Amino acid sequence: MRENNNGGPHVLVTGGAGFIGSHVCKLLADEGYCPVTLDNLSSGHQRFVQWGPFLHGNICSANDLDHVFHHYNPVAVFHLAADIEVGNSVENPDPHYRNNMVGMLELLSTMRRWKVDKLVFASTCAVYGSPETQPIREDEPLAPASPYGHGKAMCERLIEDFASAYGLRAANLRFFNASGASPEIGLGEARRHETHLIPLALDAVLAAETFTVNGNDYDTHDGTCVRDYLHVEDIALAHFQALKALDRCERGTAALYNLSTGQGYSVLDVLKAIERVTGQPVSWRVGPRRPGDVARLVGDASLATRDLNWQPARSSIDSIVGSAWEWRRHYHGKLWSEASFTISRSPA
Ligand SMILES: NC(=O)c1ccc[n+]([C@@H]2O[C@H](COP(=O)([O-])OP(=O)(O)OC[C@H]3O[C@@H](n4cnc5c(N)ncnc54)[C@H](O)[C@@H]3O)[C@@H](O)[C@H]2O)c1
């Protein structure tokens, strides 16, 4: 355990060593909270935990969770820890569901035992599947296309049931595609097994390799998948705004909010943005579709704007690509090569 306490009220951030969780911790610390990270480092990095205590532990372990609640008495929980690989969830659903579902249930039970009643949950647009009507609103029926999406929808259901039975106050944030980085504080997207478009394409540019586009026969303007990209700092801001909203709302509330820009970019649009921002050509070829991918996901975030006073101010595609490019050029290689950097493959 590493102590680094700024004296503010403790909040638990599960997955705080990950890409989005570390940004959430930074913002919470800026706002006077002391973020406590619980993370098993299955894909996160201990060096991303800079703004509060770190516990190397597993959300699926009631003991690890009890330890955190006993030691820190958090006033609220931000739940971001999860396996996030859609393709892997299709190929190997057993460990995927075990991690994300057991973790969710253990966390909710622990919150109940310790009488902590505020939860912000990192859900996803993958709960929608591939709806006809776009931009997608929160009242769209759920039809996930992968175990990842099904698992997140089931987590939302658990949260809703705990809210109505036990008075939990929760905000389920269904965010669309997170990307971008914060090079000035050394945070960015860094997974051993990367599956996301922008980091993969930037790595291809840095290595002067050919990037593989996963399918070009989707029903979109150029045949490649269309997504709604959000800057990670905008997502962190929504987490903080959601906490403030929970302070105002009644017990037993489980609100749902899309986090999105309403603007869709195809894979080829993103590759063009990368060429524009980096000034370098992107070499690409077309490969097969990836399991679990859907053609188009663009969201309507009017509810988050109205209730959370949230705007994705940093989420222009050039700002997202530009910050990710800066971070990758200056930090990403070092993160992997420095001897002091270790990653644990086994849960604590
Ligand atoms: N990246 C996106 O585009 C996106 C979009 C929608 C939703 N989300 C959700 O946001 C959250 C964070 O995603 P991210 O992109 O930062 O991913 P990430 O892989 O960088 O972070 C996830 C973190 O959770 C940790 N973790 C996983 N299982 C754990 C366990 N059992 N116990 C403790 N820690 C565990 C990992 O080590 C990692 O640090 C996830 O819940 C994800 O489903 C992400």
Side-chain angles (χ1 to χ4, degrees), residues 12-25 36-49 54-65 67-68 77-86 88-89 95-107 110 120-128 144 146-153 155-156 172-181 187-200 227-236 238-239 257-260 297 299 315 320 324 335 343-348:
L12 171 60
V13 181
T14 73
F19 170 49
I20 302 169
S22 56
H23 281 85
V24 169
C25 289
V36 178
T37 289
L38 176 68
D39 199 299
N40 67 358
L41 301 182
S42 55
S43 65
H45 307 280
Q46 188 166 340
R47 67 174 51 191
F48 280 5
V49 185
F54 170 64
L55 289 104
H56 187 186
N58 196 324
I59 51 164
C60 301
S61 158
N63 279 345
D64 289 356
L65 287 165
H67 177 78
V68 182
V77 176
F78 293 80
H79 181 37
L80 293 104
D83 281 346
I84 70 160
E85 285 181 35
V86 175
N88 194 42
S89 81
H96 179 88
Y97 276 128
R98 199 169 294 279
N99 193 60
N100 291 4
M101 300 305 306
V102 173
M104 181 82 253
L105 190 53
E106 287 296 353
L107 178 64
T110 309
V120 179
F121 173 55
S123 188
T124 167
C125 61
V127 296
Y128 294 117
S146 66
Y148 172 71
H150 277 293
K152 289 284 184 176
C155 287
E156 288 185 358
N172 295 312
L173 305 180
R174 291 176 177 167
F175 36 99
F176 286 59
N177 283 59
S179 199
L187 296 181
E189 218 165 348
R191 304 183 187 89
R192 268 203 196 280
H193 183 215
E194 188 53 75
T195 58
H196 291 82
L197 167 63
I198 292 175
L200 285 174
R227 296 288 180 269
D228 187 328
Y229 292 92
L230 277 174
H231 197 289
V232 60
E233 290 178 7
D234 284 335
I235 297 180
H239 280 73
Y257 295 109
N258 284 341
L259 301 182
S260 56
L297 284 168
S315 293
I320 289 171
L335 186 63
I343 189 163
S344 166
R345 282 263 151 221
S346 55

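Since the model is a prediction, treat every value here as computed from it, not as a measurement. Just follow the structure's listing: the first ligand is 1, and inside any ligand the first atom is 1. Side chains included, hydrogens not; waters and symmetry mates left out as well; all remaining heavy atoms used.
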Just by modelled atom types, is the [Y] backbone N or O under 3.5 Å from a matching donor or acceptor in the [X] side chain?
{"X": "S123", "Y": "N172", "value": "no"}
{"X": "H239", "Y": "I235", "value": "yes"}
{"X": "S315", "Y": "L230", "value": "no"}
{"X": "K152", "Y": "P144", "value": "no"}

Backbone or side-chain N or O of [X] under 3.5 Å from ligand 1 N or O:
{"X": "K152", "value": "yes"}
{"X": "H79", "value": "no"}
{"X": "A81", "value": "no"}
{"X": "H45", "value": "no"}
{"X": "C60", "value": "no"}
{"X": "D83", "value": "no"}
{"X": "G44", "value": "yes"}
{"X": "G18", "value": "yes"}
{"X": "I20", "value": "yes"}
{"X": "T124", "value": "no"}

Among H231, H196, R227, E189, exactly one meets side chain to side chain donor-acceptor pair (under 3.5 Å) together with S179. Which residue is that?
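Passing option: E189.
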
Suppose I only count heavy atoms of [X] and a 4.0 Å limit; which atoms of ligand 1 are within that range?
{"X": "G57", "answer": "32 (N), 33 (C)"}
{"X": "Y148", "answer": "7 (C), 8 (N), 9 (C), 42 (C), 43 (O)"}
{"X": "L41", "answer": "37 (O)"}
{"X": "S42", "answer": "26 (N), 27 (C), 28 (N), 36 (C), 37 (O)"}
{"X": "A178", "answer": "1 (N), 2 (C), 3 (O)"}
{"X": "F19", "answer": "15 (O), 16 (O), 20 (O)"}
{"X": "S123", "answer": "6 (C), 7 (C)"}

May I ask you to test the [X]-[Y] pair for a side-chain heavy-atom distance under 4.5 Å?
{"X": "L187", "Y": "F48", "result": "yes"}
{"X": "L38", "Y": "V36", "result": "no"}
{"X": "D228", "Y": "L297", "result": "no"}
{"X": "L55", "Y": "D64", "result": "no"}
{"X": "T124", "Y": "Y148", "result": "yes"}
{"X": "N100", "Y": "H96", "result": "yes"}

How far is [atom] from its nearest protein heavy atom, and which residue and atom is that?
{"atom": "atom 17 (O) of ligand 1", "result": "I84 CD1, 3.5 Å"}
{"atom": "atom 11 (C) of ligand 1", "result": "L80 O, 3.2 Å"}
{"atom": "atom 32 (N) of ligand 1", "result": "I59 N, 3.0 Å"}
{"atom": "atom 14 (P) of ligand 1", "result": "R191 NH2, 3.7 Å"}
{"atom": "atom 19 (O) of ligand 1", "result": "S43 OG, 2.7 Å"}
{"atom": "atom 22 (C) of ligand 1", "result": "A82 O, 3.8 Å"}
{"atom": "atom 4 (C) of ligand 1", "result": "F175 CE1, 4.0 Å"}

Answer side chain, backbone, both or neither: which part of [X] comes under 4.0 Å from ligand 1, heavy atoms only.
{"X": "F176", "result": "backbone"}
{"X": "N99", "result": "side chain"}
{"X": "C125", "result": "neither"}
{"X": "D39", "result": "both"}
{"X": "T14", "result": "neither"}

Could you walk me through whether Y128 and N258 pass the side chain to side chain donor-acceptor pair (under 3.5 Å) check?
CA-CA 11 Å; Y128 294 117; N258 284 341; 2.7 Å; yes

Take the angle between the ring planes of F121 and H79 and call it parallel below 30°, perpendicular above 60°, tilted in between.
parallel

Can you tell me how the ring of F19 sits relative to the ring of H23, calling it parallel under 30°, perpendicular over 60° and tilted otherwise?
perpendicular

Should R174 and E156 count as an ion pair when the cut-off is N to O under 4.0 Å?
yes

I'd like to know whether S61 forms a side chain to side chain donor-acceptor pair (under 3.5 Å) with N63, so could you lay out the CA-CA distance, the side-chain angles of the two residues, the decisive distance to 0.1 Å, and finally the verdict.
CA-CA 5 Å; S61 158; N63 279 345; 5.1 Å; no

Ignoring hydrogens, just give me the one of N40, V13, L55 whose non-hydrogen atom is nearest atom 34 (N) of ligand 1.
N40

Using the rule given for side chain to side chain donor-acceptor pair (under 3.5 Å), can you reason through H193 versus E85, listing the C-alpha separation, both sets of side-chain angles and the distance that settles it, and then say yes or no?
CA-CA 9 Å; H193 183 215; E85 285 181 35; 2.9 Å; yes

